[in-house]
Amino acid sequence: MDTTYRQSASGTILLLLQFWCFSFLSIAEDIYDPTELFSISCGSSTNFSTLDRNWTADIHFLSPSSHLSFAARPLTPCTEQGPYTHARLSHSPFTYSFHLTPGPKFIRLFFYSTSYQNFNRPQACFSVKAGPYTLLQGFNASLNADADDDPSNSDILFREYCINLQEGEKLNITFIPSTTDSYAFINGIEIVSMPPYLYYTDPDDNSSEQPQYVGTTTPYVIENKFALQTMYRLKAGDHTISSSEDTGMLRTWDTDSKYLDTPSAESYEFTATTKLSFTKKTPNYTAPDQVFQSVRNMGMNGSNNIKNNITWHFTVDSGFTYLLRLYFCELNPRIDDAGLLRFIIFIQDQLATDWADVFLWTKNWGVPVVREYVVIMPENQKKVNLSLKMHPHPRSVISDIQINAIEIFKISNNKDSLAGPNPDPSTQTAVVNHQDSNKKSRASKKTLGAVTGSVFGVLLLTLFIVAFFLVKRKKNIAVESKKHRTSRGDGSSSLPTNLCRHFSIAEIRAATNNFDKLFVVGVGGFGDVYKGYIEDGSIPVAIKRLKPGSQQGLNEFVNEIEMLSQLRHLHLVSLIGYCYESNEMILVYDFMDHGTLRDHLYGADNPPLSWNQRLQICVGAARGLHYLHTGAKQMIIHRDVKSTNILLDEKWVAKVSDFGLSRIGPTGPSMTHVSTQVKGSVGYLDPEYYKRQRLTEKSDVYSYGVVLLEVLCGRQPLLRMVEKPQVSLVDWAKHWYEKGSLGEIVDPALKGQIAPQCLRKFGEVAVSCLLEDGTQRPSMNDVVGVLEFVLQLQLQDSANVNAVLESGGDYEDSGTENMFSSSHSSVHVSDYSNSSGLNTASYGRKESDSLLPELVFSEIKDPKGR
Ligand SMILES: *[C@@H]1O[C@H](CO)[C@@H](O)[C@H](O)[C@H]1NC(C)=O
Ligand SMILES: *[C@@H]1O[C@H](CO)[C@@H](O)[C@H](O)[C@H]1NC(C)=O
Ligand SMILES: *[C@@H]1O[C@H](CO)[C@@H](O)[C@H](O)[C@H]1NC(C)=O
Ligand SMILES: *[C@@H]1O[C@H](CO)[C@@H](O)[C@H](O)[C@H]1NC(C)=O
Ligand SMILES: *[C@@H]1O[C@H](CO)[C@@H](O)[C@H](O)[C@H]1NC(C)=O
Ligand SMILES: *[C@@H]1O[C@H](CO)[C@@H](O)[C@H](O)[C@H]1NC(C)=O
Ligand SMILES: *[C@@H]1O[C@H](CO)[C@@H](O)[C@H](O)[C@H]1NC(C)=O
Ligand SMILES: *[C@@H]1O[C@H](CO)[C@@H](O)[C@H](O)[C@H]1NC(C)=O
Ligand SMILES: *[C@@H]1O[C@H](CO)[C@@H](O)[C@H](O)[C@H]1NC(C)=O
């Protein structure tokens, strides 16, 4: 019975309140609301959303002179989220025009360096101009992509600039191929307004805190006429901050660790001990709170051994002037006065200050402060290292340094250019990387941050329901290409990665022949399930397409991705990926050849499963649930355990599926349950949960008990058109169990297969799962144990059973086991099978006669429609 049961409970209100609070928290992070935000997918003809950005087709922004440009798709699809499914390319210049308000803007360029139809990868070489500024000149995209010094090299190139627009200016961004043989291309452009004096110097502010030339006290004004290029945006510690976690400007913050030359330096996180007090000079949009809550210092060993500077090295283009913005905030309760912690800062081996004292600057804890220095890197080689060094001051009471974050910007030169030279081709890496990229492409750390961490951003903003995941595991979310998998076989999961792949809608359309009805293998209230093929038709997958526009569906869509992408187990169905694009919510799973367990128990035309097979399936599914309850970081309660949510693969291995309703279990030691709205499926609902709205893992145990009875008796949990005592499988089975005659109601198809002591044990564990008092029920671990034992017994006993079978098919153990004695009635059996068939017909629905499970989101099911 799939009819959804829902009940509102007063506990729910509390829970909702909690959710709302979290959602406000997440919104509150968007402190700055940009007046203009354009995310443009170049070459795309449709608008679509990735999880943190709404991408717009570029056609509205393309100037008429660009009619010679082409829109094309990459020949090697990019597995990253973002505007990489399309590009605009041309052998002649093309221009995007924007009407914008005056003021400073971020301009972000996204490139995916690969071959496109008729455009070969190495031929991409071009310049980019934005207004009067040259952003890139003679830019050989493949060369830059290959030379990326990040070892996890990628074909994605990301560039960020700041420019200031004057009144009445229209911004033109033009792409100009360098030679007649080469072409220009672009995958994505983003324009975001920023506060006026975030990076540019406020002319009315004559304080001494203006940027200074290193080694002098001469101020250096970041004038509006300059354009800036972001070279580095780093925070102390090992966590990145994704664009959706920024203060509203979609900046990403990488970690400083890979640029740090001093291994003994350590980083600390101060988690929300002191509320930050922002100032007029350093307002709340300057950087996300996490930036100020993580600090880099010398570490234990460093403090003992102060012979060395703490040193960072940043590779930059020579011949430009650079702005270094250093972020500080004192959160260490030990430092409660000026002079306790004083340190020296060197930039490019010149003294920036020998009186760096955060408490002196801020007079208090938790007050963020920024210090800016300007350094000229003389022209010599192409690339040079810019160094930042810090050292405790000899007179400091505490011998340490501290810093929270570092930003480095290149400042446009007197020709209004920011363009640096191409890197030197390194033949070896170029070849390796390019080959690599044909198989898979990975984003550089920077872009990965821009794209990944924020992947769930949009959904999270829209969905207060899932806000608690923000807190739980925001940083764990990774959406990256999942490599080819040859899963299954051994006892545990053989999957190498817990990452989950993003599919474009185009890939899904290709896999399903544009949602061809012939590919539909399951229909549910949520939408249809298709069998499709990916990887050039080599891998069959189940594609669950949710009905668009359903808010409920969206919650569960996100929930399922969240849950499944962190879970990998032989007995859990594997999520291959998802598509959230063009208003479509699609989930892609491993295809399960044998469909649902239910279809092999009753209601479909499949040959009956043997008792041994059934036991193996029961053991497998129980292991899957046991893993859910104990194997992941947090306990996960499935909440919708039923025979249609247990799927069978080609080797009859059971897989638990459908995590749309799943919940993280009680988290603290003092918490014994989660108060929540009652959800699940009628016939499987734990009465205790239903009565008290208290969800524990024992509710899954109850539902699983029902499944065990279905397996044993081969009937639905609830039958409506039968005599009262038979309506509920649970009541009926308990009744016969108590009479000691469970054999009476065993599935006739199992006649003669069950060893008597097996039946007794099996009945025992099933009935104990169904105890009214949840605390009395066994854990899934116990259930696994008993079922394994039953399976052992059964295997040992098969010879015996065969004997029994020959002697007339009685289950009875004529000796001591008479509690299970039965007088088998064949009339009864045929009655039962009739009633089952009749019942199915009379409800006018077929449970699922498809190849595929109904991967149903119970909550949004329409009972009438099924
Ligand atoms: C940020 O600061 C502004 C001005 O001080 C204030 O109006 C706003 O409420 C603050 N926002 C948050 C989220 O604290
Ligand atoms: C994307 O568009 C939707 C619908 O207009 C809106 O609710 C959402 O906030 C937008 N997301 C972003 C990141 O702008
Ligand atoms: C795409 O989005 C842009 C800007 O939000 C809007 O002007 C345009 O009408 C949209 N196009 C389509 C096809 O929805
Ligand atoms: C870009 O660099 C690659 C690698 O050095 C080279 O093969 C290619 O010819 C260059 N492209 C152009 C247009 O110069
Ligand atoms: C921008 O481009 C359009 C068309 O290409 C042109 O008419 C306009 O003059 C340009 N504006 C600026 C400020 O260059
Ligand atoms: C700051 O200095 C400029 C000239 O350097 C002067 O015009 C302006 O009035 C000063 N502003 C303040 C607030 O002192
Ligand atoms: C600190 O020094 C001790 C002993 O000198 C050494 O065992 C330990 O590994 C060092 N720790 C770090 C982080 O370098
Ligand atoms: C730290 O670096 C500065 C600048 O290069 C140098 O003058 C100083 O001697 C260094 N200090 C130590 C302890 O290495
Ligand atoms: C910059 O510093 C790194 C690490 O110290 C070094 O590997 C690299 O060769 C240096 N690059 C230049 C151009 O000096």
Side-chain angles (χ1 to χ4, degrees), residues 21 23-33 36-49 53-62 71 83 86 89 91 96 98-99 111 113-115 119-127 136-148 153 155 157 175-185 189-191 195-198 245-249 272 275-289 292 366-368 382 421-435 437 458 505 548 581-584:
C21 291
S23 81
F24 286 137
L25 269 182
S26 77
I27 287 164
E29 283 174 10
D30 277 3
I31 293 157
Y32 177 72
D33 184 17
E36 278 142 352
L37 196 170
F38 297 104
S39 302
I40 296 153
S41 174
C42 303
S44 169
S45 52
T46 54
N47 294 345
F48 65 95
S49 300
R53 286 176 162 102
N54 291 332
W55 296 96
T56 311
D58 66 343
I59 204 79
H60 310 293
F61 301 97
L62 206 57
H86 296 83
L89 312 96
H91 287 287
Y96 288 94
F98 300 91
H99 291 280
F111 301 99
S113 171
T114 188
S115 291
F119 293 91
N120 288 328
R121 184 177 189 267
Q123 256 83 59
C125 191
F126 52 95
S127 301
L136 294 168
Q137 177 120 41
F139 178 69
N140 182 329
S142 61
L143 195 52
N144 277 273
D146 291 342
D148 194 327
N153 211 319
D155 292 329
L157 294 163
F175 296 80
I176 309 153
S178 296
T179 64
T180 46
D181 292 340
S182 56
Y183 68 92
F185 81 101
I189 301 176
E190 183 166 80
I191 297 181
Y197 304 117
L198 178 64
E245 295 166 292
D246 189 35
T247 54
M249 290 170 260
K275 200 177 174 309
L276 298 178
S277 323
F278 291 93
T279 60
K280 187 162 170 290
K281 181 79 188 155
T282 313
N284 50 13
Y285 52 68
T286 306
D289 288 4
F292 298 108
V367 181
K382 283 180 173 180
N422 281 315
D424 289 324
S426 143
T427 40
Q428 214 175 356
T429 54
V431 170
V432 167
N433 287 330
H434 192 196
Q435 281 176 346
S437 72
V458 166
I505 187 68
E581 197 180 310
S582 310
N583 214 16
E584 293 275 4

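Counting starts at 1 for both ligands and their atoms, following the listed order.
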Checklist entry - Under 4.0 Å from any heavy atom of Thr56, which atoms of ligand 3 are there? => result 1 (C), 2 (O), 3 (C), 4 (C)
Next on the checklist: Out of all atoms in ligand 4, which are within 4.0 Å of some heavy atom of Leu143? Include the element for each.
Outcome noted: 2 (O), 4 (C), 5 (O)
Checklist entry - By number and element, which atoms of ligand 3 are closer than 4.0 Å to a non-hydrogen atom of His60? => result 8 (C)
Next on the checklist: So Lys281 and Val367, do their side chains get closer than 4.5 Å, heavy atoms only?
Outcome noted: no
Next on the checklist: Is the shortest side-chain heavy-atom distance between Phe185 and Phe111 below 4.5 Å?
Outcome noted: yes
Checklist entry - Taking the six-membered ring for Trp, are His91 and Phe119 parallel (under 30°), tilted (30 to 60°) or perpendicular (over 60°)? => result parallel
Checklist entry - Closest non-hydrogen protein atom to atom 13 (C) of ligand 3, residue and atom name please, with distance? => result Asn47 ND2, 4.4 Å
Item to check | Pro288 and Glu245, any side-chain heavy atoms less than 4.5 Å apart | outcome: no
Item to check | Test of proximity, Gln123 against ligand 4: N or O pairs below 3.5 Å | outcome: no
Checklist entry - Which heavy atom in Ser142 sits nearest to a heavy atom in Arg121, and how many Å separate them? => result CB-NH1, 3.4 Å
Item to check | Nearest-option assignment for atom 10 (C) of ligand 1, heavy atoms, candidates Asp289, Leu276, Asn284 | outcome: Asn284
Next on the checklist: If you measure every N or O of Pro122 against every N or O of ligand 4, does any of those distances drop under 3.5 Å?
Outcome noted: yes
Next on the checklist: Check the orientation of Tyr96 and Phe98. Use parallel for under 30°, tilted for 30 to 60°, and perpendicular for over 60°.
Outcome noted: parallel
Item to check | Close-contact set for ligand 4 against Cys125 heavy atoms, below 4.0 Å | outcome: 13 (C)
